[in-house]
> 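First the structure, which I've put down as structure tokens, then a few questions once you've had a look.
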Amino acid sequence: MASLSAIARRALVLLALCLAQGAWAQPVPEISVKAALLYKFASYVEWPPDAFAAPDAPFVIGIIGAEELAGELEQLVRSRTINNRRILVRRVKEGETLAGIHMLFVGGRDLARIRGVAQAARPLSVLVVTDTERGLEAGGVINFVPVEDRVGFEISVDAAERSALRVSSRMLGVARRVLGAAS
Amino acid sequence: MFATIRRSLRHKVMLLLLGTAVAALALSAVGLVFLDLRAYERQASNDLQTQADIVGRATAPALQFDDRAAAAEDLTTLRARPNIVAAALYDRLGRPFASYVAPGVAVSFPQAGLPGYRVVHDHLLVFAAITEHGERIGTIFLQAHYDPWTHLREYLAVILLVMALALVGAAFVSGWLQQGFTRPILEVAGVAREVMRTRDYSLRARKTTEDEIGELVESFNAMLAEAGRRAEQLRDADRRKDEFLATLAHELRNPLAPLRNALEILRLRGDDPAISSKARDMMQRQLGQMVRLVDDLLDVSRITTGKLEVRKERIDLQAVLRNAIETARPFIDAQHHSFEQHFPAEPLMIEADPTRLAQVFSNLLNNAAKYTPPGGRIEIEAAREHAFAVVRVSDNGIGIDADMLPKVFEMFVQADRSLERTQAGLGVGLTLARRLVELHGGTISAMSTGRGEGSVFTVRVPLVEGLGESAAPSRDRDASAGHFRVLLADDNVDFVSSLAALLSAEGHEVRVAHDGAQALELARQFDPQFAFLDIGMPKVNGYEVARRLHEFAERCVLVAVTGWGQEEDRIRAREAGFDRHLVKPVEPGQIEAILASH
């Protein structure tokens, strides 16, 4: 029995090594990971019905202050859909109207800007994604956080609710941190 | 073991029932086990696949967002399922992502495979695709204990139990069958053995059932009854034959003493015409008696071998009756009986062999005279009754006992064995009469009100339509008879010499030969108009003589004389060129008739 469990332990170690090696084998640029995550978030969030003008209206992702990411995202979504909707990537200037936008990535660490955009986005049910410390506190619904060598994220359920958005509990399960978890 | 099975019906039945039960159960067991294994595997794989789907769905976000720790944590929930020994997640490209191994188990994880399941030794392996929003994002692998054999063992134990119960049931049924099946058969066999041993045909098997076996017992009993009856009949026939032989010897011996005496008288006093004439008369009477006996004997053998034949022609029954009366009258008169005959005015036309039918009636008249004390009354009466001619011969003699009545027509039966022997025959007359009447399509019956009351014999023969010509012409033929050249050929010297003397006395020119060669030689010199040829002659047989005679004496009438009048012989004689055919013993009258008819 003892030998059996020893073999088991060795096998586990081996497996862990294999998994780790698999991850290191192809290091993916952080910008690509974030673009992919943006795209995936859309699948786990529910927008209110009036967020789309028509049944076949495109899903619009706005980008503020992250030109590189916008380019990466455009590449990624070219041949993809979200709930059978085409995906449009729109570069947005600060102060520009947010109407017709479903998800908005705000780049940079300027919390004041984030707060302003979040304020404008809230009544329009725009999912605001940030990439900075205390992004959620500034009004973001989802905020990227570094986790060891990967990219993780945290979610503010309160902010989502204020924007009339519903975040799937399955996504909450893999979030690093969840603010204002629904009781 | 097998020897017992071959012998015993009971074992056969038992073997049949048990064999059938075992075979049926074994077959159904194999089928059930097969089906059960299939069902077990399907259920286990379905369960595991469902499990894989559930876990896959739960781990989908972790895969999506590349969170290995969350995925590993999700997989540890499988600890609640102890039969699952290992699980693994693979990402979209089939790279290992997370894994779980139940405590205390060693597992080597396979490469990510196509969705589906397979059984490896005692494990069930399942791969399932993980999809999210229609997109395949990874693969999940589950490995579970798979142990159908424990399950199978339990299943087989139940089947064996059922089989054992069925065998006990079958043994019970076969035991029960033995009661109504083999036991009665064994009893029949026992009775059969007992009958063989004791020759007691009155034994019977007991019938206990109303089924086929009951029928068998019944048939067996009927067969025993029949066998008993046959045995009795055989004994009876045997006894009658013995008696007949004794009678025959006696009857044949009787005339010999007077014949020898007469010969002695002739030797001593042959010069005295009165005495020698008396001796010759006596010899003729005794000889006539012997000829009648031997004729009867010949008829008996014809009856027993089925060779009795009749040659029918259209004839008036009254003529036949007159002939019969003529034959029987001397004996009736000698017994001092009164005799009456009552015939209708019109003829009674029938299809019959006149000689044979006359034999029937003369026999009946003789019997009447024989079994009536001297001075009695004999009557014969013929009448038309519907489509039959009916002849009744009645007497006021000793009659027949009621218990003898049905038997009088059987072979070798005589009404009264105490009767004076000089009058007694061989006891075949009535048997012969019945057979002859039957050959004419008629019936014969006996009637008597009892002993001393006389008896009546009634013969019924079917009539034929139309008026017949009378048989008179034969007399005309006699009148026109001329004198002929006749060749007689036979190796029986006494017979042929005496016949030659007779024919010569009637004015015919006669030559005698004793073998075929001599007959041919004589014929060349003599050119006979008639040739009577024995078939079984030395040197050249009768057929050959006939063939050669035909070559140079075409107009000669050829007559074959043979021992047996079989149809086969007649055909052969006709083929050899014979015109007529006579069966031995030949009477001078028959030869005269042939001469007269040409």
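The model shown is predicted, which means the values in this text are computed figures rather than measured ones. Chain naming here is simple, since letters A, B, ... match the order of the sequence lines and numbering starts at 1 in each.
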> More than 12 foreign heavy atoms under 6.0 Å from CZ of A:Arg113: is that the case here?
yes
> Should we count CG of B:Asn46 as having more than 12 external heavy atoms under 6.0 Å?
yes
> Going from CZ on A:Arg80 to CD on B:Glu135, what distance comes out if it is rounded to the nearest 0.5 angstrom?
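Result: 5.5 Å between the selected atoms.
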> Check each atom of B:Asp66 against the heavy atoms of chain A and say whether the ones under 4.5 Å are side chain, backbone, both or neither.
both
> Using a cut-off of 6.0 Å, state whether more than 12 heavy atoms not belonging to B:Arg92 lie near its atom CZ.
no
> For chain B, which residues from residues 38-46 of chain A lie under 4.5 Å away (heavy-atom distances)?
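If one takes a 4.5 Å heavy-atom cut-off, the residues of residues 38-46 of chain A near chain B are A:Tyr39, A:Lys40, A:Phe41, A:Ser43, A:Tyr44.
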> Are there over 12 heavy-atom neighbours, none belonging to B:Asp122, within less than 6.0 Å of that residue's CG?
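Enclosed.
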> Within a reach of under 6.0 Å around CZ of A:Arg166, are more than 12 heavy atoms found that belong to other residues, nucleotides or ligands?
no
> Measure B:Glu73 against the heavy atoms of chain A and call it side chain, backbone, both or neither at under 4.5 Å.
neither
> Which bit of B:Ala60 is near chain A, if near means a heavy-atom gap under 4.5 Å: side chain, backbone, both or neither?
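Backbone plus side chain of B:Ala60, per the 4.5 Å heavy-atom cut-off to chain A.
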> Is B:Asp67 close to A:Arg150 at the side-chain level, that is, under 4.5 Å between some pair of heavy atoms?
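Side chain of A:Arg150 against side chain of B:Asp67, heavy atoms only: contact under 4.5 Å found.
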> For A:Glu68, is the CD atom crowded, meaning more than 12 foreign heavy atoms sit under 6.0 Å from it?
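It does not: A:Glu68 CD has 12 such atoms or fewer within range.
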> If you count the non-hydrogen atoms of other residues, nucleotides and ligands that lie under 6.0 Å from CG in B:Leu161, is the total more than 12?
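Yes, enclosed.
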> Would you say the side chain of B:Pro61 lies within less than 4.5 Å of the side chain of A:Arg170, judging by non-hydrogen atoms?
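Yes, side chains in contact.
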